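Computed from heavy atoms alone, side chains included, the values below leave out hydrogens, waters and symmetry copies. It should be emphasised that the depicted structure is a prediction, and the values quoted were computed from it without experimental measurement.
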Amino acid sequence: MPTRQTDPEDAPAPCSRRSALSFTELTRPVEVSDCSSGNLFWSWPILGPLLVQNDTSDTRDHCANERTFLSYLRLSVYMAVVAVAIVLSFHLKSQPSPLELRLARPLGIVFWLLSLTCLVLGFGNYIKTLDKYSKKVAIVQTGWRTQSIMSLIALSIVGTCVILLVITKVEALD
């Protein structure tokens, strides 16, 4: 009876193993149950998919975590696009006023920085949540850091809308 040989690519790698830097070694799956120390996201091999034992609702929770990160990413991209549009003083019907041109660069920089902050916050939440899920720790997604940064983003969006409405009203009176 012939013995069945396993494909070395299918075998999960232990999280602390360091070997030759070939693409197959870098993309070898990582078994989550084998990685008890350190942060799971940065475990070796760095490009390997994380294999999680599906107990109860683990798969659903991991998918929800990925969707949450993608929402942060989408908001970050939208804010970066708005930052570029503000800096370029994008107008459809008229030329920008001198006041709008003077405010364009600072507002664009603020939106760009908020975009980067949103991206870093989303990535940090994703890594923290993934690490907690791997340790079977129940977590609550929100915290003071998330709430304060999202409040700052919302306040910036509303404040920019008010500034642009006031500029339009002042120009209409002149």
Side-chain angles (χ1 to χ4, degrees), residues 26-27 30 32 35 38-43 45-52 54-174:
L26 287 175
T27 58
V30 177
V32 170
C35 301
N39 193 330
L40 174 73
F41 190 79
W42 305 111
S43 62
I46 196 74
L47 298 177
L50 301 174
L51 299 178
V52 180
N54 189 17
D55 300 332
T56 62
S57 63
D58 290 342
T59 304
R60 181 195 66 201
D61 295 342
H62 283 283
C63 289
N65 188 29
E66 288 176 357
R67 284 192 305 272
T68 302
F69 170 68
L70 291 174
S71 296
Y72 278 104
L73 179 65
R74 183 180 58 217
L75 177 61
S76 177
V77 168
Y78 287 161
M79 291 182 65
V81 167
V82 168
V84 169
I86 289 173
V87 169
L88 294 178
S89 299
F90 182 69
H91 286 269
L92 293 176
K93 294 183 178 181
S94 64
Q95 292 294 329
S97 69
L99 180 60
E100 287 174 330
L101 288 174
R102 201 170 60 229
L103 287 176
R105 184 167 288 149
L107 276 177
I109 290 171
V110 166
F111 269 85
W112 186 77
L113 289 175
L114 287 174
S115 170
L116 287 178
T117 304
C118 183
L119 183 62
V120 168
L121 176 72
F123 189 66
N125 277 345
Y126 176 75
I127 290 174
K128 181 181 79 172
T129 305
L130 187 66
D131 191 47
K132 299 260 183 168
Y133 283 159
S134 70
K135 295 175 183 172
K136 305 287 187 202
V137 176
I139 64 164
V140 176
Q141 183 69 25
T142 188
W144 69 270
R145 182 184 60 181
T146 304
Q147 292 296 325
S148 60
I149 291 177
M150 288 313 215
S151 298
L152 178 67
I153 289 172
L155 184 66
S156 299
I157 292 171
V158 170
T160 301
C161 290
V162 168
I163 287 171
L164 294 176
L165 287 173
V166 167
I167 288 174
T168 305
K169 193 68 164 175
V170 166
E171 287 177 352
L173 294 176
D174 288 341

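Considering only heavy atoms from C-beta on, I157 comes within 4.5 Å of F111 through its side chain. Between N65 and K132, every side-chain heavy-atom pair lies at or beyond the 4.5 Å cut-off. For the pair L164/T160, a side-chain contact is recorded, criterion being any heavy-atom separation below 4.5 Å from C-beta on.
Partners of R102 according to the side chain to side chain donor-acceptor pair (under 3.5 Å) rule, which considers only residues two or more places apart in sequence or in another chain, do not exist here.
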Original post:
Going through the distances and angles, do F123 and I127 end up as a side chain to side chain contact (heavy atoms under 4.5 Å, CB included)?
Top reply: CA-CA 6 Å; F123 189 66; I127 290 174; 3.1 Å; yes

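Nearest heavy-atom pair, N125 versus T129, reported as atom, atom and distance to 0.1 Å: O-OG1, 2.7 Å. Nearest heavy-atom pair across C118 and I153 is CB-CD1, 3.8 Å. The heavy-atom pair separating L107 from I86 by the smallest distance is CB-CG2, 3.8 Å.
Rounded to the nearest 0.5 Å, atoms CG (L155) and OG (S148) are 12.0 Å apart. A distance of 8.5 Å separates NE2 of H62 from OH of Y126, quoted to the nearest 0.5 Å. Atom CG of L114 and atom CE of M150 lie 10.5 Å apart (nearest 0.5 Å).
The side-chain hydrogen bond (donor to acceptor under 3.5 Å, both in side chains) contacts involving residues 103-117 comprise S76-S115, where partners must be two or more places apart or lie in separate chains.
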